There are 2 protein chains.
Amino acid sequence: MSDEPAPDIVISLEIDDPALADRLATLLGGVAGLRLAAPGEQTAAAIVARSRDPAGNGEFELTPRELDVLALLAEGASNKMIAQRLGISVHTAKFHVGSLLDKLDATGRTDAVAHAARRGVINL
Amino acid sequence: MSDEPAPDIVISLEIDDPALADRLATLLGGVAGLRLAAPGEQTAAAIVARSRDPAGNGEFELTPRELDVLALLAEGASNKMIAQRLGISVHTAKFHVGSLLDKLDATGRTDAVAHAARRGVINL
DNA sequence: GGCGAAACTGGCCGGATGGGCAGGGAGTGG
DNA sequence: CCACTCCCTGCCCATCCGGCCAGTTTCGCC
């Protein structure tokens with residue numbers, strides 16, 4: 001591994017918002033092992049805007065707690081794990097999961113994370 | 001506003017290639033003013049793969065039948081539904097699901113679809 | 001022909017899941 | 001004060017899930 005040339009990872013910045021793009025360019029410019037791409041250059045990855053669409057997920061009206069549970073659900077956590085991570089009882093975890101299934105119109109926890117991911121409520 | 005604490009820019013890492021994702025996570029983890037997103041967290045931007053390796057998902061070597069099961073899994077189908085849709089017995093459906101959990105290194109069906117989606121094996 | 005991989009089927013069992021019922025406490029706003 | 005929502009907890013129960021054991025057939029490859 002010592003012979004690893006460790007070439008810089010080339011990343012292109014594809015952000016519309018000038019302010020955000022500028023901040024990111026400044027931050028990433030000082031990172032060793034990383035380099036911003038010249039125009040037209042082949043890149044390994046790109047940074048794209050993940051702007052919150054105002055009408056995107058606002059319609060779901062998930063409660064803060066439900067968002068917590070949903071995030072853990074997306075990690076494959078069981079009700080028991082959710083309860084431990086959130087410091088609540090398994091009963092309450094099941095309660096929130098049930099509400100999630102209802103609001104997301106899902107048939108099960110797997111369907112719930114699929115729906116949520118599809119609609120951008122969570123990022124896998 | 002001048003006393004703005006300059007909140008960290010939250011970025012989600014959405015890279016299929018585990019090696020590249022790991023390198024980026026390491027590099028970006030040490031950048032002040034920047035923070036990688038927790039699962040499900042709202043993010044300002046995302047880092048996505050640019051030039052995808054054509055053999056990107058070839059490493060998983062899922063059998064054709066397993067891909068069938070995986071697709072149904074992503075739709076929240078139960079073992080019984082999978083069996084009906086594929087014209088096989090519930091036992092066989094469970095058999096394929098078990099193989100999927102093993103190959104995808106998942107703890108459950110929900111985790112399996114999350115992993116598969118993250119790595120681009122399936123599109124939600 | 002032998003051999004491995006893939007696909008398929010069966011039974012069994014502990015634990016997880018989902019849905020139903022009931023309630024209480026905290027906070028907000030009329 | 002009362003109504004409302006959110007969050008939390010308890011119990012019961014039918015079903016589902018995941019993992020274990022066992023077996024079969026078909027196919028391609030050496």
Side-chain angles (χ1 to χ4, degrees), chain A residues 52 56-119 121-122 124, chain B residues 38-42 55 57-119 121-122 124:
Chain A
R52 49 186 111 269
N57 59 358
E59 47 193 297
F60 286 109
E61 293 188 7
L62 298 181
T63 68
R65 211 50 165 168
E66 285 168 348
L67 288 175
D68 294 339
V69 174
L70 181 57
L72 292 174
L73 225 46
E75 294 193 328
S78 66
N79 289 332
K80 187 181 297 180
M81 295 178 188
I82 294 173
Q84 290 175 342
R85 291 264 211 108
L86 262 37
I88 58 181
S89 75
V90 181
H91 299 280
T92 307
K94 289 172 61 175
F95 171 80
H96 288 306
V97 172
S99 300
L100 241 13
L101 298 187
D102 197 38
K103 290 186 179 179
L104 290 174
D105 194 38
T107 62
R109 61 212 291 120
T110 303
D111 204 29
V113 305
H115 274 83
R118 260 185 278 259
R119 306 192 186 184
V121 183
I122 57 175
L124 289 183
Chain B
E41 186 178 8
Q42 272 286 8
N57 62 354
E59 48 193 299
F60 288 109
E61 292 189 9
L62 298 182
T63 68
R65 210 49 165 167
E66 286 169 349
L67 288 175
D68 293 340
V69 174
L70 181 56
L72 292 174
L73 223 46
E75 294 189 344
S78 66
N79 289 332
K80 187 182 297 181
M81 295 178 188
I82 293 174
Q84 290 176 341
R85 291 265 212 109
L86 261 39
I88 58 180
S89 76
V90 180
H91 292 278
T92 307
K94 289 171 65 174
F95 171 79
H96 288 305
V97 171
S99 301
L100 242 12
L101 298 188
D102 196 37
K103 291 187 179 179
L104 291 174
D105 193 40
T107 63
R109 60 213 292 119
T110 303
D111 203 31
V113 304
H115 274 81
R118 259 185 280 259
R119 308 192 186 184
V121 184
I122 55 175
L124 290 184

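Both backbone and side-chain heavy atoms feed into the values below; hydrogens, waters and symmetry mates do not. Keep in mind the model is a prediction, meaning the values are calculated, not measured.
A distance-only check finds no donor-acceptor pair linking the side chain of B/Arg109 to the backbone of A/Arg109 [under 3.5 Å].
From the 5' end on, the contacts that DNA chain C makes with chain A at under 4.0 Å to a non-hydrogen atom open and close at C/dA16 to C/dG19.
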So which protein nitrogen or oxygen atoms get under 3.5 Å of nucleotides 16-19 of chain D's nitrogens or oxygens?
residue	atom	partner	partner atom	Å
D/dC16	OP1	B/Lys80	NZ	3.0
D/dC17	OP2	B/Asn79	N	3.2
D/dC17	OP2	B/Asn79	ND2	3.4
D/dG18	OP1	B/Arg109	N	2.9
D/dG18	OP2	B/Arg109	NH1	2.6
D/dG18	N7	B/Lys94	NZ	3.3
D/dG18	O6	B/Lys94	NZ	2.7
D/dG19	O6	B/Lys94	NZ	3.2

Polar atoms only, N or O, under 3.5 Å: list the protein pairs with nucleotides 5-8 of chain D and their distances.
residue	atom	partner	partner atom	Å
D/dC7	OP1	A/Arg65	N	3.2
D/dC7	OP2	A/Thr63	OG1	2.5
D/dC8	OP1	A/Arg65	NE	3.1
D/dC8	OP1	A/Arg65	NH2	3.0
D/dC8	OP2	A/Arg65	NE	3.0
D/dC8	OP2	A/His96	NE2	2.8

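One axis for each end of the helix from C/dG1-D/dC30 to C/dG30-D/dC1, each built from five base pairs, and the angle between them comes to 40° at 10° resolution.
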Indicate for each nucleotide in nucleotides 24-29 of chain D, in 5' to 3' sequence, whether protein heavy atoms under 4.0 Å reach the base (B), only the sugar-phosphate (S), or nothing (-).
------
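Inter-residue side-chain proximity for A/Val121 and A/Leu67 is flagged as met; some heavy-atom pair is nearer than 4.5 Å. Side chains of B/His96 and B/Ile88 form a contact here, defined as non-hydrogen atoms less than 4.5 Å apart. When side chains are defined from C-beta on, B/Asp111 does not count as touching B/Leu104, because their heavy atoms never get closer than 4.5 Å.
With values rounded to the nearest 0.5 angstrom, B/Thr92 atom OG1 is found 11.5 Å from B/Ile82 atom CD1.
Under the salt bridge (charged side-chain N to carboxylate O under 4.0 Å, His left out) criterion, the residue pairs touching residues 65-84 of chain B are B/Arg65-B/Asp68, B/Glu66-B/Lys103, B/Glu75-B/Arg85, with sequence neighbours excluded.
Taking every heavy atom of both residues into account, B/Leu70 and B/Leu100 meet most closely at N-CD2, 3.8 Å.
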